[in-house]
Amino acid sequence: RFQEGLEYTKKALRRLQDSGNRLAEANACIHQGVLLYMLNRFQKSKECLLNALEILPENAKDRCFLRARGQAYHQIALVY
């Protein structure tokens, strides 16, 4: 099922990149990173999670952005 989920995140990311919804795009990257981790594709997982951090503003004050950054950092810690 992880592979199936990965296919859905790829589709979602293609659409979200054009939408301008940076939070949703970053969350999709995080989900993709977790799925890749579960498939033992650690390097690719790390790349997706780091990409999520690049998408999310570093100085964000919004709670949703802060939560997403925290989740991305948490998942990166698991990959390492």
Side-chain angles (χ1 to χ4, degrees):
R1 308 270 338 189
F2 295 129
Q3 188 62 45
E4 182 182 355
L6 187 59
E7 295 305 316
Y8 282 114
T9 60
K10 287 178 184 178
K11 289 178 186 178
L13 279 168
R14 283 194 294 270
R15 292 184 181 187
L16 289 168
Q17 288 167 344
D18 294 332
S19 75
N21 186 337
R22 305 299 278 169
L23 180 59
E25 183 182 351
N27 278 318
C29 287
I30 293 167
H31 290 298
Q32 187 176 53
V34 170
L35 291 166
L36 288 163
Y37 172 82
M38 298 304 290
L39 291 166
N40 296 322
R41 295 172 56 191
F42 302 116
Q43 182 60 37
K44 189 67 177 164
S45 172
K46 185 171 64 170
E47 291 171 14
C48 289
L49 295 166
L50 290 172
N51 186 44
L53 288 175
E54 288 178 16
I55 292 168
L56 294 164
E58 202 169 308
N59 59 351
K61 303 286 188 238
D62 183 272
R63 187 172 42 186
C64 294
F65 283 92
L66 292 172
R67 182 177 30 234
R69 285 188 67 81
Q71 185 180 11
Y73 279 117
H74 172 77
Q75 296 302 330
I76 288 170
L78 295 176
V79 173
Y80 280 96

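Under a hydrophobic clustering in which Ile, Leu, Val, Met, Phe, Trp and Tyr are joined whenever their side-chain heavy atoms come within less than 4.5 Å, directly or via other members, I55 and Y73 fall into different clusters. The same ILVMFWY cluster, assembled from side-chain heavy atoms under 4.5 Å apart, contains both L49 and L39. Under the 4.5 Å side-chain contact rule for hydrophobic residues, I76 and L35 share a cluster.
Here the CG-CG distance, from L13 to N27, works out to 10.5 Å after rounding to the nearest 0.5 Å. From D18, atom CG reaches atom CD of E25 across 9.0 Å, with rounding to the nearest 0.5 Å. The structure places OG of S45 at 9.0 Å from CG of L50, a figure rounded to the nearest 0.5 Å. Interatomic distance, Q3 CD to L36 CG, rounded to the nearest 0.5 Å: 8.5 Å. Atoms CD and CZ, from E54 and R22 in turn, are 10.0 Å apart once rounded to the nearest 0.5 Å. Here the OG1-CZ distance, from T9 to R14, works out to 9.5 Å after rounding to the nearest 0.5 Å.
Using a 4.5 Å heavy-atom cutoff, the side chains of K44 and E47 are in contact.
Grouping Ile, Leu, Val, Met, Phe, Trp and Tyr residues whose side-chain heavy atoms lie under 4.5 Å apart, directly or via other members, places F65 in a hydrophobic cluster with L23, L56.
The two residues R69 and P57 make their nearest non-hydrogen contact at CD-O, 3.5 Å. In plain terms, the two heavy atoms of A52 and C29 that are nearest each other are CB-CB, 3.8 Å. Residues L16 and A24 come closest through the heavy atom pair CD1-O, 3.5 Å.
Taking a 6.0 Å sphere around NZ of K11, one finds it holds 12 or fewer heavy atoms contributed by other residues, nucleotides or ligands. Dense packing is recorded around CD of E7, with more than 12 heavy atoms of other residues, nucleotides or ligands lying under 6.0 Å away.
For residues 9-51, the set of pairs meeting the ring-ring contact (aromatic ring centres under 6.0 Å, His included) definition, not counting sequence neighbours, comprises Y37-F42.
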For a side-chain contact (heavy atoms from CB on, under 4.5 Å) check, start with the C-alpha distance between Q71 and H74, then their side-chain angles and the critical distance, and finish with the verdict.
CA-CA 5 Å; Q71 185 180 11; H74 172 77; 5.5 Å; no
